[in-house]
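Worth knowing before you read on, the calculation uses all heavy atoms, side chains too, and leaves out hydrogens, waters and symmetry mates. Letters A, B, ... are given to chains in the order of the sequence lines, protein chains preceding strands, and every chain is numbered from 1.
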Amino acid sequence: VARTVLIVDDDAFTRAQLRDCLVGMDVELDDVADAEGALARVGKGDVICVLLDLVMPKMSGLQLLGTLKLSHPGLPVIVISGLDTERMIDEATRQGARLFLRKPFHPLEVQQAVRSALELSP
Amino acid sequence: MSQWWVADSEARVLGPVSLEVLTEAAAAGKLKDVRVASPDGKNFSPLAQFPEVQKALQPRKYEQVVAEQNQAIERLKAWVVSAKTMPFLQLLGLPESASGETVRATFFNLLQRFYPDRLPGDATPALRRACEDAFLALSDKMINFERQWPGDKTQKGGAVEGIELEFHGNHLALKLKVKARDVSMFTRHPELSVRNDGLFVPWGGPVPLGTGVTVTVGFQGHPTPIKLNGRVVAARQDVEGLGTGFGIKLLELPDSDRAFMRAYVARATSR
């Protein structure tokens, strides 16, 4: 069964960067540019972790996070954002984010965050 | 508490968030392009229709800045009080089954919130102290965890040229000799580099996270060694090309030492 890490970010460059960070890990990678695409992709059943931007067109990252927490409560979501103020980090964590990574990120941070998230998944 | 959505000129949406979240993000210069807002996330209107949102996004007056910083100090103090009594894994939001690697990664992730150098330039000394207190409280919790965690104590402390370590209880005295042609310990780690008041020391042996460190650094070509204080905040096995070693976050770094080190590293790397 495929185990897919899904990257959700409206910026194509960031999506490519995150893919590069995770190449070599024992997972499949997929990416989408918006929340609608993310919900459709998660619905296929093989997504084991989501990397999520906060600011996106139509549906925001926090809204998607809330929706995913209802539909897939065990699915770990790692928020990756440049909006890294104290209250924003608290808000994302309160709404169910497993971890909050700041942009710009380093490949090691991203790999470690995904590894940790997967270790703790049910 | 009312929740809001805001969107920028490219119709990228943030929300639902409170006015406090918006205020703090705007104060940090992170919301410069907000054009419209919505109380329900569906119907967006120009900011002028929502004076409370407009106010949250406006540049703040000095008195507001001080009031917000005082609030931040109170929050940090409250966090320290609760952190001292809360079980460490609960504080990190981790289950008992979490591995040592996950605990360390989560500790590092949380600790970054309390880096004093992440504060804005206008942060008061009291806010810097509160931030540092939280940093130290979390580091102390980590030391206690490291004592209990069986971990990998089998590695041998590798003798590395120019690096001397001496443990005194929970404290580490570290002497470094930095050559002008190799300043990699100040540049190799993404978070713990001279840019962020940090360094990463190549070392083969175990060093508990949270350990207090006194670092004496002799820079080649510079007559007087610099004395620095910090905490060990990261440790790595030999993965992803970073090499084995431990990372130090420097605290209470005098401006003159910071400026000297940055200039030294900049000169060395431009050669």
Contacting moiety of A/F105, where chain B heavy atoms sit under 4.5 Å: neither

Check ion pair B/E24-B/R75 (N to O, under 4.0 angstrom): yes

Interface residue of largest heavy-atom contact number with chain B, from A/G61, A/P104, A/G66, A/S116, under 4.5 Å: A/S116

Segment of A/D11 engaging chain B (4.5 angstrom heavy-atom cut-off): neither

Electrostatic pair A/D30:A/R41 at N-O distance under 4.0 angstrom: yes

Proximal component of A/Q63, with respect to chain B [non-hydrogen, under 4.5 Å]: both

Contacting moiety of B/L31, where chain A heavy atoms sit under 4.5 Å: side chain

Side chain / backbone / both / neither for A/E91 at chain B, heavy atoms under 4.5 Å: side chain

Proximal component of A/M56, with respect to chain B [non-hydrogen, under 4.5 Å]: backbone

N-O pairing of B/K249 and B/D117 below 4.0 Å: yes

Greatest number of heavy atom pairs closer than 4.5 Å to chain A - which of B/R118, B/E10, B/K42, B/E191: B/R118

Ion pair check, A/D20 and A/R15, cut-off under 4.0 Å: no

